[in-house]
Amino acid sequence: MAVFIDTETRLVVQGITGRDGSFHTLQMAESGTRVVAGVTPGKGGQVFEIENGGRVPIFNTVDRAVKETGANTSVIYVPPAFAAGAIMEAADAGIAFIVAITEGIPVLEMSKANAFVRDRGSRLLGPNCPGLISPGKAKVGIIPAQITTPGPVGVVSRSGTLTYEAVDQLTRAGIGQTTCIGIGGDPIIGTNFIDCLSAFRDDRDTEAIVMIGEIGGTDEQEAATWAKENLGKPVVGFIAGQTAPPGRRMGHAGAIISGSSGTAEEKIRSFKDNGVAVATRPVEITDLIKESLGI
Amino acid sequence: MAVFIDTETRLVVQGITGRDGSFHTLQMAESGTRVVAGVTPGKGGQVFEIENGGRVPIFNTVDRAVKETGANTSVIYVPPAFAAGAIMEAADAGIAFIVAITEGIPVLEMSKANAFVRDRGSRLLGPNCPGLISPGKAKVGIIPAQITTPGPVGVVSRSGTLTYEAVDQLTRAGIGQTTCIGIGGDPIIGTNFIDCLSAFRDDRDTEAIVMIGEIGGTDEQEAATWAKENLGKPVVGFIAGQTAPPGRRMGHAGAIISGSSGTAEEKIRSFKDNGVAVATRPVEITDLIKESLGI
Amino acid sequence: MAQSIGVGGERMDIHEYQAKELFRAVGIPVPAGEVATTPDEAARIAQELGGTVVVKAQVHAGGRGKAGGVKLATHADEAREHASNILGMEIKGLTVGKVLVTAAEEIASEAYVGVLVDRRTQSPVFMVSPEGGIDIEEVAATNPDAILRLHVDPRYGLLRHQAYRLADFLYSDPKLAKQATRIVTLLYRAFTANSCSMAEINPLIVTADGEVKAIDAKVSIDDSGLRGLPALETLRDVGAEPASETKAREADLSFVKLDGDVGCCVNGAGLAMATMDLVKYYGGEPANFLDIGGSSNPDKVVAALEIIASDPNVKAILFNIFGGITRCDDVARGIVEATRTTRIDPPIVIRLTGTNETEAMEILNQAGFSAFTSMDEVVERAVQLAAEA
Amino acid sequence: MAQSIGVGGERMDIHEYQAKELFRAVGIPVPAGEVATTPDEAARIAQELGGTVVVKAQVHAGGRGKAGGVKLATHADEAREHASNILGMEIKGLTVGKVLVTAAEEIASEAYVGVLVDRRTQSPVFMVSPEGGIDIEEVAATNPDAILRLHVDPRYGLLRHQAYRLADFLYSDPKLAKQATRIVTLLYRAFTANSCSMAEINPLIVTADGEVKAIDAKVSIDDSGLRGLPALETLRDVGAEPASETKAREADLSFVKLDGDVGCCVNGAGLAMATMDLVKYYGGEPANFLDIGGSSNPDKVVAALEIIASDPNVKAILFNIFGGITRCDDVARGIVEATRTTRIDPPIVIRLTGTNETEAMEILNQAGFSAFTSMDEVVERAVQLAAEA
């Protein structure tokens with residue numbers, strides 16, 4: 001098993017003819033994902049060719065893509081000015097799971113788009129996230145498949161490359177993953193840590209979880225509290241940004257300490273108070289996971 | 001028992017210092033309703049005196065009224081330009097049941113206000129309705145209490161005076177009512193026939209139901225279909241507007257035949273097809289109710 | 001059950017030329033044109049526009065073309081001639097007082113775009129069809145797949161992808177779809193800004209050089225929304241409605257003129273309809289719908305009686321009042337006052353019951369009226385009086 | 001858990017006088033005034049305004065008053081004098097380049113009104129308090145009941161009753177509440193129209209004659225929203241930020257200058273923070289946060305190296321690249337190119353792993369660099385080099 005995406009995933013790529021969209025469509029198809037449709041307004045009727053000879057039909061609208069191909073998952077590679085609209089279009093077309101890679105969507109637009117997604121009963125991952133991968137089953141987004149391998153660990157993170165770092169180490173140590181999820185670095189995102197922990201709890205193949213947070217907000221603290229009460233599986237945590245100054249944005253729009261709130265210390269303390277094993281350095285994550293798996 | 005309002009009702013009157021609001025506040029209090037607060041912006045701190053020596057505190061906002069008095073029900077007598085806002089204010093303050101008497105709220109404003117009420121989990125009755133009365137328990141709105149009496153019949157209607165006509169006849173025939181509800185004559189209303197039938201179904205004191213409809217829309221037809229499948233209690237129906245021409249509004253904003261849809265014939269046919277006993281004249285309602293009650 | 005889409009609410013229809021002004025104000029492309037009330041004016045406008053023009057009757061009725069109310073003119077004199085034929089013409093009982101003279105367009109294709117408030121979903125709904133220029137209800141009946149319906153969530157308004165989806169349904173050419181996306185978006189803006197209950201472009205055309213334009217426009221405005229938009233009230237064409245309805249609106253009465261001979265004056269819309277139905281039940285024909293509302297103001301009763309009595313068809317007048325908030329004695333006083341100040345020829349029969357019924361009966365008896373307490377009795381009596389007259 | 005309200009997102013702070021311009025544009029009453037960059041200009045403005053004026057330092061820092069950056073002047077000469085003292089002054093490390101000269105108001109009372117985007121509820125949240133003129137976080141800590149928080153549902157915007165509720169919390173006098181309702185409504189309009197992440201009036205005053213006015217204004221704009229609002233980009237005060245940050249923004253790099261001596265160049269924000277933390281772990285101090293992003297563009301690597309090397313504090317530079325989308329060979333080429341065209345004094349240590357790692361190693365070896373594959377190793381080495389320098 002895996003969470004959010006697996007072999008049942010039927011993917012539509014929004015922005016398939018763009019630079020990023022076309023590159024990653026090839027990568028996703030290569031990782032075994034069933035890419036069933038692409039969307040680019042005005043290019044409906046064209047075809048996107050993938051390497052194994054597959055031909056992905058392109059539609060003007062997600063609505064048509066869903067009706068023609070039965071797509072149930074969407075990934076968004078459109079420019080930030082159109083990305084909130086693309087998210088709403090996907091939700092409106094009945095897409096159940098939407099992954100927004102785009103960085104730089106205005107926060108007030110996301111506030112509205114996220115409300116729309118909830119009203120339509122869809123789930124959004126991201127924006128400003130690397131997507132997710134269920135190794136050997138499906139990949140949606142941009143996580144390099146070659147650093148992953150199937151196995152018993154669920155990974156969830158606000159970061160991209162820091163996640164790759166952790167996953168790469170796990171894989172090199174022979175420890176595979178059920179699903180690796182990047183929830184995104186923006187202050188307003190669709191799927192948070194608790195959502196992912198909850199999905200991992202219900203996934204019988206996930207035996208332990210890596211949770212990688214960073215400064216800004218209270219998502220990690222709430223997740224830790226939730227985990228203590230509800231999870232019943234071991235969690236190894238890491239927080240980036242112990243040396244970040246307050247009031248400055250550390251790359252991610254959401255990685256900012258406001259006043260005295262959202263510091264790494266606060267989050268680490270919450271992890272410890274709630275039974276999450278804390279790695280001081282990224283390299284310790286693998287050791288702690290081994291311990292928690294008893295290997 | 002009764003539906004929507006009873007002795008637990010704690011009423012706040014929005015627009016209590018207006019001409020209609022003050023008059024009907026006295027009437028409602030006289031009918032035994034617990035009027036716990038009034039709202040008029042800018043008049044917070046004043047007191048509205050009711051006849052038995054009671055003093056109803058006035059607040060600037062519904063929010064304050066709820067916090068200070070525990071009001072759970074609201075009735076709106078404010079002018080149409082402010083009525084949609086008043087409905088949203090009540091829902092935002094956590095009022096569970098909102099009755100809007102005001103006529104003439106723009107339909108696009110109601111479309112939004114109704115969505116807001118649903119989002120907040122409240123129930124709206126009306127607008128452009130006479131309200132409701134649970135005889136001997138509580139009255140919210142403008143239905144004359146003296147024509148009602150407690151008993152086993154639930155009454156629901158899109159009309160005001162036509163309802164009084166029917167209720168008066170029932171009362172004169174010695175047949176009392178659990179609750180008499182006017183759902184309102186506008187095209188967009190908060191509580192429809194099915195909502196009321198469903199409440200009457202769950203009310204163990206209601207043994208038979210009078211449903212008074214009129215031309216326009218499909219609410220009666222849907223209610224009849226629903227009743228056949230779900231109600232399990234006898235219904236007597238009446239439809240006004242058999243002689244109304246198409247395309248003209250008959251007083252109520254919602255009483256209009258669009259194209260060939262929403263005619264009295266269509267509704268009467270639907271009643272008959274679904275086991276609703278149809279009264280040809282208002283005076284027949286009482287006879288048919290007697291039959292259905294076996295008296 | 002068929003999915004029925006109903007326009008909700010009382011509404012004010014406005015003329016094509018007025019609707020086009022609202023469209024122009026938000027930026028929807030419409031052909032150049034002006035309205036004329038005389039043949040000379042029409043000729044001047046045609047002259048100024050140059051080229052071929054269309055002269056179109058401005059009435060609140062469909063089927064103007066079939067009735068001869070829409071004509072092409074290749075020069076100003078021809079426009080004058082057409083205007084002189086069309087002005088004064090009767091279309092579906094309505095007299096044409098104005099013509100719209102617009103530049104003629106070469107039409108490559110015709111589509112339909114409309115938006116109205118749907119009472120079932122309580123939200124605005126768009127209907128678009130690439131089959132334009134004809135009645136959309138006909139398309140709905142004969143070729144429902146040629147119509148796309150799209151509900152607008154009032155919390156979000158019309159979203160960009162939704163406007164594009166509508167446009168994409170109309171045109172496969174991306175250039176046309178782009179123009180249509182903009183027009184649909186602007187139509188929704190005009191719809192909400194003017195508190196419309198319906199706004200329609202039929203046909204939306206593609207010109208010979210690939211421009212998308214609104215050729216005909218139809219707009220109804222939600223009467224309840226007019227309060228906040230006083231500028232729109234000036235668009236009301238009082239000449240296009242019966243004088244009695246204008247007078248009723250001014251007196252704040254709900255009134256609809258009908259063809260029968262039994263005048264009806266009732267408090268409450270539902271009771272008024274039920275009273276009309278009962279007139280029919282007893283073999284008569286109602287002359288009108290009239291709801292005096294919940295107020296007890298005797299002036300309203302006076303105005304109501306005058307309006308009903310001014311209809312030469314009316315042979316008998318019946319009052320049916322259920323006093324709740326309305327006080328029966330107030331209504332009685334109004335009747336007495338009206339019959340004292342104005343000569344009312346048809347016989348009046350009255351049913352009053354409810355609040356202050358006894359006082360009302362006394363007032364009426366003193367003035368020589370007798371009154372009933374049962375609705376069936378009063379209606380039966382009124383029908384009988386009308387038949388005897 | 002305490003209810004923490006966080007401003008989300010990267011943002012651009014603008015000056016008080018600019019914020020007041022945005023407020024004025026939507027109709028919020030602010031005192032008359034103009035900005036000056038010289039003492040003479042300040043004197044001219046004071047002359048034109050007449051009466052007593054306030055001369056206020058325009059810097060992106062709080063506590064201007066305490067620092068002597070806000071002064072009253074009763075005539076133009078005094079305004080000149082104050083301006084000459086304040087211009088060039090340092091407040092919290094920032095040099096004052098502009099002063100705002102505004103008419104002084106007689107203040108009867110001070111309140112606080114602010115709105116920002118709350119990440120927990122994913123919606124704008126208003127905070128208002130009748131205790132204005134002081135730091136709202138202080139009020140929150142000492143007298144939380146004096147603050148009303150109100151979340152705005154983004155689907156509906158700020159509704160009339162909500163604006164009134166906020167105003168009613170501030171003022172019991174209905175006349176003042178009415179003015180405040182309007183101001184709160186307009187503030188929300190300015191907030192959304194300018195894609196703000198924060199907008200604050202502190203204090204909102206009542207004047208001696210009962211007028212409600214915004215005396216001080218603070219606005220941060222969501223950088224992501226600037227794209228659609230190019231007019232706002234001109235409000236950015238490049239002089240108010242370190243030159244290295246301006247250069248980084250122009251090169252589309254995420255960069256924050258810090259006080260340490262180990263320069264860091266990393267791909268990815270999380271990895272960049274983790275790298276800084278590791279520098280600290282091994283006993284060093286990071287000189288900066290720098291994320292080159294997901295691109296493999298060698299130009300960005302060149303710009304990054306130049307920005308880091310231009311900091312005189314930097315004693316060693318470390319690269320930490322995890323190649324996923326970013327290709328290691330591209331980064332390697334960028335490093336080689338930068339060191340070829342620019343003289344980079346501090347020693348450079350490099351860790352590269354992932355996509356095209358082997359090719360990258362080859363490129364670096366040929367250019368005389370050695371490279372690590374472990375993050376811990378490279379950081380430990382960089383700290384050691386900085387300590388030795």
Side-chain angles (χ1 to χ4, degrees), chain B residues 24 80-81 104-112 114-116 119 130 142-144 147 157-165 168 185-188 212 214-219 221-222 225 238 240-245 248-256 258-259 261-262 264 280-283, chain C residues 1-2 4-11 117 119-120 122-124 137 153-155 191-192 195-197 222-228 254 256 258 260 266-274 276-281 285-286 289-291 293-294 321-326 353-355 374-376:
Chain B
H24 291 293
I105 305 178
V107 69
L108 288 173
E109 284 184 29
M110 266 319 297
S111 171
K112 203 176 263 189
N114 231 350
F116 189 88
D119 281 337
I142 64 174
I143 296 179
I147 61 168
S157 168
R158 276 168 71 186
S159 160
T161 44
L162 181 53
T163 313
Y164 309 165
E165 184 82 43
D168 188 45
D186 269 9
I188 296 190
I212 300 175
E214 61 190 33
I215 55 162
T218 54
D219 201 12
Q221 298 89 307
E222 282 149 35
T225 313
F238 178 82
Q242 296 180 56
T243 50
R248 296 304 307 269
R249 173 231 193 207
M250 296 287 115
H252 285 159
I256 184 165
S258 303
S261 162
T280 309
R281 292 174 294 151
V283 73
Chain C
M1 193 176 302
S4 114
I5 297 275
V7 184
E10 183 178 18
R11 54 184 208 262
V117 179
R119 50 202 287 176
R120 286 190 78 228
Q122 310 197 327
S123 60
E137 298 223 349
D153 187 328
R155 300 171 297 181
F191 178 78
T192 53
S195 198
C196 296
S197 53
D222 171 13
D223 264 14
S224 297
L226 282 174
R227 206 179 321 99
S254 279
V256 176
L258 300 170
V266 189
N267 69 325
L271 190 60
M273 280 188 274
M276 285 159 53
D277 295 349
L278 211 55
V279 167
K280 181 92 174 179
Y281 177 87
E285 286 290 340
F289 166 94
L290 194 152
D291 172 12
I321 303 297
F322 196 105
I325 308 317
T326 309
T353 191
T355 311
S374 140
M375 180 166 165
D376 280 71

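As a basis for the values below, the full set of heavy atoms in this structure was taken, side chains included, without hydrogen atoms, waters or symmetry mates. Chain identifiers are assigned alphabetically (A, B, ...) following the order of the sequence lines, protein sequences preceding nucleic acid strands; residue numbering begins at 1 within each chain. The structure presented is a predicted model; accordingly, all values stated were derived computationally and were not measured.
Only the side chain of B:D119 has a heavy atom closer than 4.5 Å to any heavy atom of chain C. Residue contact with chain C, scored on non-hydrogen atoms closer than 4.5 Å, is absent for B:F116. Looking at C:S374, neither its backbone nor its side chain comes within 4.5 Å of chain B, counting heavy atoms on both sides. If you measure heavy-atom distances from C:N267 to chain B, the contacts under 4.5 Å come from both the backbone and the side chain. Interface remark: C:A274 contributes backbone and side-chain atoms alike to the contact with chain B (heavy atom separation under 4.5 Å). Residue B:P106 touches chain C through both its backbone and its side chain, counting heavy-atom pairs closer than 4.5 Å. Heavy-atom distances place the side chain of B:E214, and not its backbone, under 4.5 Å from chain C. Within the 4.5 angstrom heavy-atom criterion, atoms from both the backbone and the side chain of B:I142 approach chain C.
The backbone N or O of B:T218 sits nowhere less than 3.5 Å from a side-chain atom of C:R119 that would complete a donor-acceptor pair. Looking at B:T163, its side chain does come within 3.5 Å of a backbone N or O of B:G160 through a donor-acceptor pair. The backbone N or O of C:F322 sits nowhere less than 3.5 Å from a side-chain atom of B:T161 that would complete a donor-acceptor pair.
Among the candidates B:I143, B:D168, B:D186, the residue making the largest number of heavy-atom pairs closer than 4.5 Å to chain C is B:D168. When C:L226, C:V256, C:D291, C:L290 are compared by the number of non-hydrogen pairs under 4.5 Å with chain B, C:V256 comes out ahead. Your options are B:P282, B:G104, B:P130, and the one with the most heavy-atom pairs under 4.5 Å with chain C is B:G104. Chosen from B:A115, B:G216, B:S157, B:A264, the residue pairing most often with chain C at heavy-atom distances under 4.5 Å is B:G216. Each of B:G241, B:A255, B:A244, B:G262 has some count of heavy-atom pairs under 4.5 Å with chain C, and the biggest count is that of B:G241. Options B:T243, B:I212, B:N114 differ in how many heavy-atom pairs under 4.5 Å they form with chain C, and the most are formed by B:T243.
Here the shortest heavy-atom pairing between B:R249 and B:I256 reads N-CD1, 3.9 Å. The two residues C:M273 and C:F289 have their closest heavy-atom pair at CG-CE1, 3.9 Å. Scanning both residues, B:L162 and C:G270, for their nearest heavy atoms gives CD2-O, 3.6 Å. Here the shortest heavy-atom pairing between B:Y164 and C:G324 reads CE1-CA, 4.5 Å.
For the atom pair C:L258 CG and B:R248 CZ, the distance stands at 8.5 Å (nearest 0.5 Å).
Taking the ring pair (Phe, Tyr, Trp, His ring centres under 6.0 Å) definition, one finds that C:Y281 meets it with nothing, sequence neighbours left out.
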